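Before any comments, here is the structure.
Reminder, nothing fancy here: chain letters follow the sequence lines and each chain counts from 1. Since the structure is predicted, the reported quantities are computational estimates derived from the model, not experimental observations.
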4 protein chains.
Amino acid sequence: MEDQLETGVADGAEERTAPRKRQARGERRIAEIVAAAARVLAAQGYEKTTTNAIAAEAGISPGSLYQYFRNKDEIAAELATTYAAGLRSAHDAAFDLTDVARLTAEETVDRVIDPILAFNVANPGFKALHARPDMPPGLVAATQPIHDALRGRVIGLLETRFPERSSVELHLAAQLMIQVVQAAMPTITAADPGERPVIITEVKRMLSAYVRELAVR
Amino acid sequence: MEDQLETGVADGAEERTAPRKRQARGERRIAEIVAAAARVLAAQGYEKTTTNAIAAEAGISPGSLYQYFRNKDEIAAELATTYAAGLRSAHDAAFDLTDVARLTAEETVDRVIDPILAFNVANPGFKALHARPDMPPGLVAATQPIHDALRGRVIGLLETRFPERSSVELHLAAQLMIQVVQAAMPTITAADPGERPVIITEVKRMLSAYVRELAVR
Amino acid sequence: MEDQLETGVADGAEERTAPRKRQARGERRIAEIVAAAARVLAAQGYEKTTTNAIAAEAGISPGSLYQYFRNKDEIAAELATTYAAGLRSAHDAAFDLTDVARLTAEETVDRVIDPILAFNVANPGFKALHARPDMPPGLVAATQPIHDALRGRVIGLLETRFPERSSVELHLAAQLMIQVVQAAMPTITAADPGERPVIITEVKRMLSAYVRELAVR
Amino acid sequence: MEDQLETGVADGAEERTAPRKRQARGERRIAEIVAAAARVLAAQGYEKTTTNAIAAEAGISPGSLYQYFRNKDEIAAELATTYAAGLRSAHDAAFDLTDVARLTAEETVDRVIDPILAFNVANPGFKALHARPDMPPGLVAATQPIHDALRGRVIGLLETRFPERSSVELHLAAQLMIQVVQAAMPTITAADPGERPVIITEVKRMLSAYVRELAVR
DNA sequence: CATGAATGAGGGTTCATTCAT
DNA sequence: GATGAATGAACCCTCATTCAT
């Protein structure tokens, strides 16, 4: 899954000059650092994650970090961007809007939730980046794209499913649905793997009920 | 315990009041410190809250903090206890289990949520104390009572309303409902006060739908 | 043995006015504080002994300490003085210079050492007051009387026993003998009580050999 | 270990020296810090020695200390190790067990004491590291090797000289002899350099007498 | 570019001492 | 006098960041 972190990033800008290689190397380094940050973040949480620990995990010197990032928050921001991309492509794989109108509430919910769940489980550092009261402003800004991308997807799905509902309504609904999943995530990941389906089912029940309510509102 | 301090000093009326006054002063100080901590916590979040900042906010010296608390976590723990009590009494005012069985889903949800919402709005430091992956163990322990108390209330209400549901089911349902509210709280408090009712309504819709689903499951 | 701490201090100045009682109370307080200090010192060592701990042990408030002593060192100084007196009277009981000239080396050594050993064992706080490189100057000065008193006694004994030896020689010899005992004290007190006699015997052997050497020098 | 750091970097000569230089710099820094610690320790004693003072004395920042040592005790431990090595080699220079059996008591004593005396005079920080009741456990452990090494030497010498004595006896004798020297050290170093020989002679007399007693016991 | 030693402002906490009551 | 809350400088240590090599 850490591999994913590099996917979709370094391709597309294949120039053929000397700087290119350096550029490529730089991007690889950035990816390595970000992957290291993800690992440390997953293990320690945001506040207890030190830049030295990230550097050590990435196998480079502390000083080198600052060749690529101006400060700690910027690393987190880059990781957030990476996560946004990863989540986007995870959703891409599952999303197919062609027959959304015919989906049951349960199916709709599955389409929204399952990729999020899978992504959270596969990327344990993800949760350390969630909006929290004491997040530094820079990180808040950096985290925004993730949420925007995610919400955009869900809004798109809801719009297709409920064309009669207002944009504001769906915006709010999408946000709320996502928040519910994220709120339940710690409980899910902390639970015994065998117990997780029970919790997930409960979350889905709530969301399905909500989607149904949205239909008849 | 406090009484004991006064016992055995049978002579002199001022001997009886002096300790009480000091006692009272001590409790007032503790309350002041905790209130100051709540303010700083609300503004800065847990990790960025320094003991010096709490002391300054409370108008005392750093050393004085430690006359009343052994360390930073203990201050947070005391605040958590205070919040637990506040939340309990907020719920007490709203809770009346006598006719719960006749409640509609909407009414049930209101009973659960409204006190929580009001409490969160009134106590902006509350959110800084929520369980997070990188919380110090002492704070985790200190925060537990709040969650337990809250969940206990909600479980009690659900049990009365849905006697046919299993304890495990209701336990999970209660936890999930609370998580939803807490997850939506940042959005609510961050929103323009005029916009809040819309968001709150949406949250309640989701929960009401869930409660209804719980009834017919 | 703590009783001893009060002995020989408060008597001799028995005035009969109002201040007298207060004076007496003050001296009793001082004695209590000093005794408390001795206990804490014995348990914690000099550096780890806090004035608050002494106050608590004495059953008074920190502020009250400073009614009787200007600072921490002064308490230690007073304890040192008390110890000097105690040691003096301990020696008084054992010393009888009338027939010293006829004493064997072993007997001479016993006379010097036994009271010191007994005193050290009985007053576990004594060792915390010994001259050490990091002692505050005030305490150094305060400790001096103990050593002077002790050395004075031993010099007196040696002078009687070895009238032919120069004062400088005996001064040095006395100091050295005392140092040896003090140096061995931690080993003795730390040892299993059953093992102590073996160590003590060894110390005495060394000193006896030295005293004999002093005779034939 | 150090070698390993250089292995696997087969290209480039500067690649081979750079680590060595850095390594060397690190070891020099450690030595500087330890030397600074010795100076501060000599002047202030263990408890009053602050890490900031050591850093200042070493001409570095407080934080830099912790690049090389995990905490204050570890610095002391390193100094203790250094002292142990220094003392060992000081003894090595003076020790030659081949003809110990023929040594007079005086010569035996000289062999034991002279290196210790010289070492103490040359290393004024040494005394601050001696076992005391209130020493932090880490320092106790760190100091142990010094004493063990020293005692081992003396025991070895005594065993060669007095093969008929039991191991327990010699163990005790060695410890006592060392304690005597250490106990007399403050007096010696504090004394006017011109006066020192007199004191030293006296100490040696006592120990010689003891060694003689050991022979005829 | 890479290194990793160096920095130094704070962080939480302690404690001898003071002072209002 | 007695109290104990209050003080605040200082302690040990951390870590994001910089800089000489």
Side-chain angles (χ1 to χ4, degrees), chain A residues 22 25-26 29 47-56 59-75, chain B residues 14 18-19 21-23 25-26 28-29 47-55 58-75 136, chain C residues 22 25-26 29 47-56 59-75 136, chain D residues 14-15 18-19 21-23 25-26 28-30 47-55 58-75:
Chain A
R22 216 180 267 141
R25 183 146 75 105
R29 262 292 144 83
E47 309 292 346
K48 299 184 85 172
T49 291
T50 70
T51 54
N52 281 348
I54 295 174
I60 61 175
S61 68
S64 289
L65 268 194
Y66 290 83
Q67 207 95 44
Y68 301 99
F69 298 98
R70 263 201 293 277
N71 54 47
K72 191 185 171 185
D73 285 0
E74 218 171 62
I75 302 174
Chain B
E14 96 234 11
K21 198 177 277 173
R22 256 187 228 112
Q23 194 89 359
R25 184 145 71 106
R28 205 179 315 127
R29 259 294 138 85
E47 310 289 346
K48 302 187 84 170
T49 292
T50 71
T51 54
N52 281 353
I54 296 175
I60 61 178
S61 70
S64 286
L65 273 193
Y66 292 84
Q67 200 108 43
Y68 302 99
F69 299 98
R70 265 202 293 276
N71 53 46
K72 189 184 170 186
D73 283 4
E74 215 171 66
I75 302 175
Chain C
R22 216 179 267 142
R25 182 144 77 106
R29 263 291 144 85
E47 309 292 344
K48 297 183 85 172
T49 293
T50 69
T51 52
N52 281 347
I54 296 175
I60 62 175
S61 68
S64 288
L65 270 194
Y66 289 84
Q67 207 97 42
Y68 300 99
F69 299 97
R70 260 200 297 278
N71 54 46
K72 190 184 170 185
D73 286 357
E74 216 171 65
I75 303 174
Chain D
E14 96 232 15
E15 208 80 24
K21 197 176 276 170
R22 256 187 227 112
Q23 194 88 0
R25 183 143 72 105
R28 205 178 317 128
R29 259 295 139 82
I30 289 180
E47 310 290 345
K48 299 186 88 169
T49 292
T50 71
T51 54
N52 280 354
I54 296 174
I60 61 178
S61 70
S64 286
L65 273 193
Y66 292 86
Q67 200 109 43
Y68 302 99
F69 299 97
R70 265 202 292 278
N71 53 50
K72 190 185 171 185
D73 283 2
E74 216 172 64
I75 302 175

Original post:
So what does Y68(C) touch, heavy atoms closer than 4.0 Å: a base, only the sugar-phosphate, or nothing?
Top reply: sugar-phosphate
Subject >> With sequence neighbours excluded, residues passing side chain to side chain donor-acceptor pair (under 3.5 Å) with T51(C) >> reply: none
**OP:** Apply side-chain contact (heavy atoms from CB on, under 4.5 Å) to I75(B) and Y68(B), showing your working.
**Re:** CA-CA 9 Å; I75(B) 302 175; Y68(B) 302 99; over 6 Å; no
Original post:
From I54(A) CD1 over to L65(A) CG, what is the distance, rounded to the nearest 0.5 angstrom?
Top reply: 6.5 Å
Subject >> Nearest-Å distance for atom pair CZ/C1', residues F69(B) and dA5(F) >> reply: 14 Å
**OP:** Do nucleotides 7-14 of chain E as a string where each nucleotide becomes B, S or -: B if the base has a protein heavy atom under 4.0 Å, S if just the sugar-phosphate does, - if no protein is that close.
**Re:** BB--SSBB
Original post:
Pairs counted as Watson-Crick or G-U wobble with both distances under 3.5 Å: what dot-bracket string results for DNA chain E, using | for bases tied to another strand?
Top reply: .||||||||||||||||||||
Subject >> Minimum heavy-atom distance between E74(A) and R70(A), given as atom pair plus value >> reply: OE1-N, 2.7 Å
**OP:** Kindly indicate whether the side chain of K72(B), heavy atoms from C-beta on, has any atom under 4.5 Å from the side chain of T50(B).
**Re:** no
**OP:** Would you give the length of the straight line joining atom NZ of K48(C) to atom CD of E47(D), rounded to the nearest 0.5 angstrom?
**Re:** 8.5 Å
Original post:
Taking all non-hydrogen atoms of both residues, which atom of F69(D) and which atom of I30(D) are closest, and how far apart?
Top reply: CZ-CG2, 3.8 Å
**OP:** For dC1(E) versus dT21(F), give the span between their P atoms, rounded off to a whole number of Å.
**Re:** 22 Å
